[in-house]
Number of protein chains: 2
Amino acid sequence: MSETKKDRRQPETASRQVAAALRSAIGDGSLAPGDRLPSERTLASTHGVARNTAREAVRQLAESGLVTAEHGRGVFVRVAPRLMRFGQLRYSKKLREDTGVSPFHAEVLAQNRIPNAYLTSIERAVPPASVADRLGVKVSSKSVVRRENWYFADGEPMQVGLTYIPWEIAKGTVLARSDELGPGDLYARFADRGYEITYTREEVTARMPTPEEATGLMLPDGVPVLVVLHTGLDQQRRPFEVTEFVMRADYTGLDYTMPVDAS
Amino acid sequence: MSETKKDRRQPETASRQVAAALRSAIGDGSLAPGDRLPSERTLASTHGVARNTAREAVRQLAESGLVTAEHGRGVFVRVAPRLMRFGQLRYSKKLREDTGVSPFHAEVLAQNRIPNAYLTSIERAVPPASVADRLGVKVSSKSVVRRENWYFADGEPMQVGLTYIPWEIAKGTVLARSDELGPGDLYARFADRGYEITYTREEVTARMPTPEEATGLMLPDGVPVLVVLHTGLDQQRRPFEVTEFVMRADYTGLDYTMPVDAS
DNA sequence: TAGTGGTCTAGACCACCAT
DNA sequence: TGGTGGTCTAGACCACTAT
């Protein structure tokens, strides 16, 4: 390639050497998933460095998601998590009618895990610009209903979803006021009102979590979040709902299969 | 919700207070994108803390991608980057014939940026298990050709792609030996051989970069990567190619629009 | 050469956890 | 109560950048 590539081999600092030693111990199995690392003070003395240096080495491993520190207990090798998959069929009518539950519940049940979801708030709100764009509503008034949901598998938080529904659609319905949506959940209620979800648009990015997200999702250090801006479209491709999902990236994967020519 | 929620308000440590002060200075515009922060030594003395503490505050900002440290120069407020979007149509025949270039080139040109791509290696190789799975080839022999490509926009590295092609398909063709693929690029050559890309499966995850990826992609601290495992399928849904893309998440987004019922 | 970030030392006190 | 990680101090030397 034509770019002048700087030769930046990493310098062999003390903390990197300690980190490398730990990495290889994890790699060859002498430190198995779930095992506790030697304490920072032990690492310091065995490697002949200051505690801060040993600590920096541990920080490097935590940053790349290899280990997790637990205050007062120790530092542990992370166990490889099961990956959840969110695919194209998750909004299909068939899935909804076969299972009678929400897409999330169906997915988690299919993996023999126990799903839970909690609606933590419903309120009429001013939509963020990105949402107003996609729904075609005004950004300057309380033109949407905002529903905040938290999703768990086996008691562990997996994702947060902020669903925005135009007030004109939600007004006077269960969508605007209740967490009891009945059989088939959210998309069945949209169908009742004439909005059958037919297309879905998903815009995906990733970033590091905010401190609030990190605590709320109980994220270990060094785990990013996937952010999915999902738009539900009806038969005439009219948008009727936007949901922003924030999902822990270490437990979540997305799986899309599509024809390459638009339909 | 039924979960007992620990009240973990963040303790107001000294480093967090310094970080908060910097965050609000960035927020209210007194530190604009591109500006240099006060030096660590200056921050330490103005806030009455040790340099290590000021440094920790800066580290917290860097971790969340707000600032970037440059050795010997200073710490700078990051400028919001333009986001590139990789969507569903990128493999369509129409795009290929209209533009005559690869999907990546077309996308970057559409944003008035200058694309570059370099093939850095071609070799016959043993496929990783995930790739062998999806291609339906043996994992234990050199059953694939592996092509490594680096992609740039305006000279900045955007992504790396590792393309795996079954040896049976690539054998004796330009796919196995050349970076000169001719008009329409890779997928046009597959079409020549009877493999017209018709469906694409994309499995998306995110994680922190490895140290090698961080240097190679010139990633600032705190920027995760999107990992897309892309499978190209022909008219009969036979897989003929798998590419693993590693993309910097701060510059990249994915955009999928699909019918909710499978086709 | 002066100023910057990068790393390190050798201490100290605190909060948390298991016993 | 003793050991753990979390944070902090007050120094020090090195590597890099600009002048």
Side-chain angles (χ1 to χ4, degrees), chain A residues 4 6-22 31 34-63 66-78 211 214-215 218-222, chain B residues 4 6-22 31 34-63 66-78 211 214-215 218-222:
Chain A
T4 316
K6 281 185 194 168
D7 178 24
R8 6 177 163 180
R9 284 176 306 180
Q10 310 282 357
E12 284 242 333
T13 65
S15 62
R16 277 183 206 277
Q17 283 178 29
V18 176
L22 290 171
L31 280 173
D35 282 2
R36 215 198 73 191
L37 267 58
S39 78
E40 295 172 350
R41 287 162 180 86
T42 307
L43 287 171
S45 74
T46 58
H47 288 84
V49 296
R51 186 187 154 205
N52 275 1
T53 305
R55 184 174 171 72
E56 168 64 18
V58 172
R59 199 194 62 76
Q60 289 167 22
L61 298 191
E63 193 182 25
L66 265 181
V67 301
T68 314
E70 296 185 27
H71 196 167
R73 301 214 321 129
V75 177
F76 299 86
V77 181
R78 301 233 354 240
T215 34
M218 303 199 301
L219 286 174
D221 295 338
Chain B
T4 317
K6 280 185 195 170
D7 178 26
R8 5 178 162 179
R9 284 175 308 181
Q10 309 282 357
E12 284 243 331
T13 64
S15 62
R16 278 184 206 277
Q17 283 177 29
V18 176
L22 290 171
L31 279 173
D35 282 2
R36 217 199 72 192
L37 266 60
S39 78
E40 295 174 350
R41 287 163 179 87
T42 306
L43 287 171
S45 73
T46 59
H47 288 84
V49 296
R51 186 186 154 206
N52 276 0
T53 305
R55 185 173 170 74
E56 168 64 18
V58 172
R59 200 194 60 76
Q60 289 167 23
L61 298 190
E63 194 182 24
L66 265 181
V67 302
T68 316
E70 296 184 28
H71 196 169
R73 302 215 317 129
V75 177
F76 298 86
V77 180
R78 298 226 4 231
T215 27
M218 303 198 300
L219 285 174
D221 295 339

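Please read all numbers here as calculations on a predicted model, not as lab measurements. Just so it is clear: chains get the letters A, B, ... in the order the sequence lines come, proteins before strands, and each one is counted from 1.
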Subject >> d(NE2, B:His71; C1', C:dG5) in whole Å >> reply: 5 Å
**OP:** Identify, residue by residue, the members of residues 47-63 of chain A with a heavy atom below 4.0 Å from DNA chain D, and return them in order of residue number, or none.
**Re:** A:Arg51, A:Asn52, A:Arg55
Original post:
So, B:Thr42 side chain and B:Pro38 main chain: donor-acceptor pair closer than 3.5 Å or not?
Top reply: no
**OP:** Measure the spacing between CD of B:Glu56 and CD of B:Glu63 and express it to the nearest 0.5 Å.
**Re:** 8.5 Å
Subject >> Separation of A:Gln60 CD from A:Thr13 OG1 (nearest 0.5 Å) >> reply: 6.0 Å
Original post:
Taking atom C1' of C:dC17 as reference, at what distance in whole Å does atom CZ of A:Phe76 sit?
Top reply: 10 Å
Original post:
So, does A:Gln17 use its side chain to make a donor-acceptor pair with the main chain of A:Glu12 at under 3.5 Å?
Top reply: yes
**OP:** Using heavy atoms and a sub-4.0 Å distance, could you list which residues of residues 35-46 of chain A are near DNA chain C? By number, please.
**Re:** none
**OP:** Could you tell me the separation between the CZ atom of A:Arg73 and the P atom of C:dC16, rounded to a whole number of Å?
**Re:** 15 Å
Original post:
Do the non-hydrogen side-chain atoms of A:Leu37 and A:Leu31 ever get within less than 4.5 Å of each other?
Top reply: yes
Original post:
Roughly how far apart are A:Arg36 CZ and A:Glu70 CD, rounded to 0.5 Å?
Top reply: 11.0 Å
Subject >> N or O in side chain of A:Thr13 less than 4.0 angstrom from C:dG6 OP1/OP2 >> reply: no
**OP:** Taking all non-hydrogen atoms of both residues into account, name the closest pair between B:Ser15 and B:Ala57 and its distance.
**Re:** O-CB, 3.3 Å
Subject >> Closest non-hydrogen atom pair between A:Ala54 and A:Leu43, with its separation >> reply: CB-CB, 3.9 Å
